[in-house]
Amino acid sequence: MSQVYCDILPTDNGWVFVAEGYHSPSYPSYDLALQAATAYRQQKECEEKSIILRFQTLKGSMSTVTPGGRRSMPKAPSAAGSENRRHS
C-alpha cells in the first residue's frame with residue numbers, strides 16, 4: 001500500500017490543503033481546512049493507497065494529525081522543569 005500525504009498549510013488568507021497535485025481553496029480556520037482535507041481523504045482513499053493528514057508547525061516542519069483531528073506537536077519541557085535544572 002502506498003502512502004500519500006495531504007498537507008494542511010497556513011497561508012496569508014487562512015488555511016489550505018495540498019494533496020496529489022490538488023490545491024484546495026483557502027479556508028478561514030484550521031478546523032475548516034481539516035474538515036475539507038478529511039472529506040478529500042475519505043473520497044480518494046482506496047485499498048492501494050493510504051492518505052496521511054499532516055499540518056505545518058510554526059517552525060515549518062510537518063507533523064501528523066492524530067485521530068480526532070488534533071494537531072500532535074512534540075512536547076516542550078515545562079517551564080518549571082527547566083527552572084529547577086538551572087538552579088541545581
Side-chain angles (χ1 to χ4, degrees):
M1 178 182 293
S2 66
Q3 293 183 339
V4 176
Y5 293 107
C6 180
D7 295 334
I8 303 169
L9 307 168
T11 67
D12 292 339
N13 300 326
W15 292 83
V16 298
F17 72 87
V18 178
E20 301 178 293
Y22 175 75
H23 193 278
S24 77
S26 183
Y27 296 92
S29 71
Y30 169 82
D31 290 332
L32 290 175
L34 175 62
Q35 287 175 15
T38 300
Y40 176 88
R41 178 176 66 181
Q42 290 172 344
Q43 178 185 11
K44 299 289 183 177
E45 200 166 52
C46 64
E47 290 181 18
E48 292 86 34
K49 66 181 173 184
S50 172
I51 299 176
I52 299 169
L53 298 179
R54 303 186 303 179
F55 70 97
Q56 187 175 20
T57 67
L58 293 175
K59 292 185 177 183
S61 62
M62 299 307 293
S63 187
T64 305
V65 176
T66 61
R70 292 196 130 23
R71 293 183 262 185
S72 64
M73 301 246 250
K75 292 188 178 184
S78 70
S82 60
E83 252 329 284
N84 291 339
R85 281 193 300 264
R86 279 190 226 146
H87 296 293
S88 311

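Because the structure is predicted, anything quoted here is derived from the model rather than measured.
To the nearest 0.5 Å, the span separating CZ on R54 from OG on S63 amounts to 9.5 Å. How far CZ of F55 is from OG1 of T66: 8.5 Å, rounded to the nearest 0.5 Å. L34 contributes atom CG, which lies 4.5 Å from atom CD1 of I8 (distance to the nearest 0.5 angstrom). Note that the CZ atom of F17 and the OH atom of Y40 stand 7.0 Å from one another [nearest 0.5 Å]. Here OG1 of T38 is found 5.0 Å from CG of L53. Values are rounded to the nearest 0.5 Å. Rounding to the nearest 0.5 angstrom, the gap separating the CH2 atom in W15 from the OG atom in S29 is 9.5 Å.
In terms of the ring-ring contact (aromatic ring centres under 6.0 Å, His included) criterion, Y27 has no residue partners (sequence neighbours excluded). Evaluation of the salt bridge (Lys or Arg N to Asp or Glu O under 4.0 Å) rule for K44 yields no partner, not counting sequence neighbours.
The hydrophobic cluster containing V18 also includes L9, V16, M62, under a criterion of side-chain heavy atoms closer than 4.5 Å among ILVMFWY residues, counted directly or through chains of members.
Of all non-hydrogen atoms in Y22 and P25, the two that sit nearest each other are OH-CD, 3.8 Å.
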